[in-house]
Undergrad: 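Have a look at this one.
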Amino acid sequence: MTATRLVTGIGVSPGRVVGPAALLPDPVQEPPAGARLRPGADVEAAAGRVADAAERVRAALDAAADAATGESAELLHATATMAADPSLLSDAQARVRTEHLVPERAVWEAADEVAAQLAALGGYLAERVRDVTDVRDRLVAELTGRPVPGLPTRAEPYVLVAHDLAPALTATLDPARVLAVVTVAGGPTSHTAILARARGIPAVVAADVADVVDGVVLLVDGAAGRVTVAPADEDVARALAPTSAVRTFDGDGRTADGVRIELLANVGDPAEAEAAAASGAQGVGLFRTEFAFLDRTEAPTVAEQVAAYGRVLAAFDGRKVVVRTLDAGADKPLPFLHAAPETNPALGVRGLRIAGEHPDVVEDQLTAIAAAAAAHPGTTTWVMAPMVATVEEAEGFVAACARHGLGTAGVMVEVPSAALLAGPVLAHAAFASIGTNDLVQYTMAADRLLGAVARLSDAWQPAVLRLVEATCAGGAAQGRPVGVCGEAAADPALAVVLVGLGVTSLSMTPRALPDVAAVLAATSSDVCRRLARLAVESSCADHARAVMRDALPVLAELGL
């Protein structure tokens, strides 16, 4: 019998569930080294099998992407593109032709070569190694007739336990089958975290669950970041008691004393817009426009963009939509914009910086946003630029928007310099929206996708909260609103802190709206300010989080 024990990780998606552990199946086995074709075998036919397998894998991933939405679709399409990568396929085929390796061994060696090159480059590119090995395993499975790597098959819903999850696999998680996700690796802004939140699946990452056995019962608390292995019956009853109530959001975000806080939705593509509107969101605080540019060899036309943006504006008629201009670069590289690889893409040409090298792309996008806004006058359309670092950049972007008739232009605060210069920046920009995912990354010098620094990559870090406070102070000095559109906004406890620091709007995955609204409605603005002070003055992220949980009994009452 397994002894009861508590494992602490990082809670990245709230909710409490109990279920049997299901371990992610073992990866595809490495084909034997040196495995070669039989003498006299048709070498060209064998090389052709590599291309055929790649096409089938690509088609399957694209089909899954077409059935998905938002970040899930983006990730699946990106993995599909990698499956058809010409350099990977040509290398594998060359190994078949010159060394007479069997196709599966040739693919394995070619993929390992690509993975080694990416690992040597470090940073974001090193994190793409997981994607390469995922594609490698899919190709080898296709070539050998083995099952494609995927989720466990069980008769009952389960808690998925893994060392890590490939983005393409995470994107296919079904809440009806997967009660919760617990991983050894990962951080608060990893793909596992973001996608689990979007699906409402409780998740804990960076947890020491490597020795958990298949079938053992797990009690997962995705908000507190705790996993109880083989919990006692009374612990289960106590933990699950508050979760029976189903919360909804009535579209009116307020504190207990009536201070209005806009509760908005993040939208990643037009397919998400109707569901987000139906969730009660008071508008869209972050409309990501990258979907229109992904998997293309050239930028979309103005007409294509107008049609796509218009679908989102139409869904939020009578409400506000904040459109973010293209945030390519770093974890969203676009071949037609980034011809030469960068040593450290996260610190390279991304976001608004693209305008310096490709001004036509940004000008066309502003033209399209303005046209879509004109076609939907019932929607209040704001526009903001990502990766603004200087006052000059803010002034230039606002002027560019004005030339296109876009009168409400703002900036994203993701770089510490923008937070520290919030007052001067907001002397030009109409509003600021804090992107906490990147602000954490740049403040803590911790790659947001690297599990090894997950403990640093946390929006509860007091240094990050101080920059949020500085941004709000700059906004108040200029009479400008400051919102948060990063993953931190979806954390009900952290939402209290953000409001206490002066944030006036919170934009999040629509699933998080009822929980955030409920906690704010039970907390006065004075309490928000007092607790924000405690969080800012904490010594570390864990202490700040613990202080809030102790000071907000409503979290336990609501099962959060």
Side-chain angles (χ1 to χ4, degrees), residues 7 9-25 64 67-76 150-154 156-207 209 212 217-228 236 239-240 242-248 265-266 268 272 275-276 279 437 451 454 487-493 508-516 555 558-560:
V7 177
I10 299 175
V12 296
S13 183
R16 293 175 184 164
V17 298
V18 174
L23 307 187
L24 192 69
T69 60
E71 298 230 12
S72 300
E74 291 177 15
L75 289 168
L76 288 165
L151 298 173
T153 300
R154 296 288 189 278
E156 60 180 335
Y158 54 81
V159 175
L160 180 63
V161 177
H163 177 79
D164 198 5
L165 294 178
L169 189 60
T170 310
T172 63
L173 293 179
D174 179 0
R177 295 174 56 201
V178 181
L179 298 171
V181 174
V182 182
T183 64
V184 176
T189 57
S190 64
H191 290 310
T192 299
I194 293 170
L195 291 170
R197 272 191 293 268
R199 283 165 173 71
I201 300 174
V204 177
V205 300
V209 290
V212 166
V217 174
L218 300 179
L219 166 59
V220 179
D221 186 333
R226 293 193 292 262
V227 180
T228 305
V236 171
L240 298 186
T243 65
S244 58
V246 176
R247 285 181 290 279
T248 58
N266 293 341
E272 297 180 358
S279 72
N437 297 356
E487 294 299 318
D491 181 335
M508 64 201 75
T509 176
R511 288 182 179 272
L513 287 167
D515 291 341
V516 172
L555 295 173
L558 296 175
L560 299 172

Undergrad: Specify the closest pair of heavy atoms between Val159 and Gly19, including all atoms of both residues, with the distance to one decimal.
TA: CG2-O, 3.9 Å
Undergrad: Evaluate side-chain contact (heavy atoms from CB on, under 4.5 Å) for Val18 paired with Leu218, printing each intermediate quantity in order.
TA: CA-CA 6 Å; Val18 174; Leu218 300 179; over 6 Å; no
Undergrad: If only atom types and distance count, is the side chain of Arg199 paired as donor or acceptor with the main-chain N or O of Leu173 below 3.5 Å?
TA: yes
Undergrad: Under a 3.5 Å distance rule, please check whether Arg197 uses its side chain to pair with a backbone N or O of Ser13 as donor and acceptor.
TA: no
Undergrad: What are the two closest heavy atoms between Thr183 and His163, and how far apart are they?
TA: CB-O, 3.8 Å
Undergrad: Any side-chain heavy atom of Leu179 within less than 4.5 Å of one from Tyr158?
TA: no
Undergrad: CZ of Arg226 to CZ of Arg16: how many Å apart, nearest 0.5 Å?
TA: 7.5 Å
Undergrad: What pair of heavy atoms forms the shortest contact from Asp221 to Val204, and how long is it?
TA: O-CG2, 3.7 Å
Undergrad: Ignoring hydrogens, what is the shortest heavy-atom contact between Thr509 and Asn266? Give both atom names and the distance.
TA: N-ND2, 4.2 Å
Undergrad: Search all heavy atoms of Ser279 against all heavy atoms of Leu513 and return the closest pair with its distance.
TA: OG-CD1, 3.4 Å
Undergrad: According to side chain to side chain contact (heavy atoms under 4.5 Å, CB included), who are the partners of Ala162, at least two apart in sequence or on a separate chain?
TA: Leu24, Leu165
Undergrad: Show your working on side-chain contact (heavy atoms from CB on, under 4.5 Å) between Val209 and Val184 and close with a plain yes or no.
TA: CA-CA 6 Å; Val209 290; Val184 176; 3.9 Å; yes
Undergrad: Please report the shortest heavy-atom distance between Arg511 and Pro514, naming the atom on each side.
TA: O-CD, 3.5 Å
Undergrad: Supply the atom-to-atom distance Asp515 CG to Asp491 CG, rounded to the nearest 0.5 angstrom.
TA: 10.0 Å
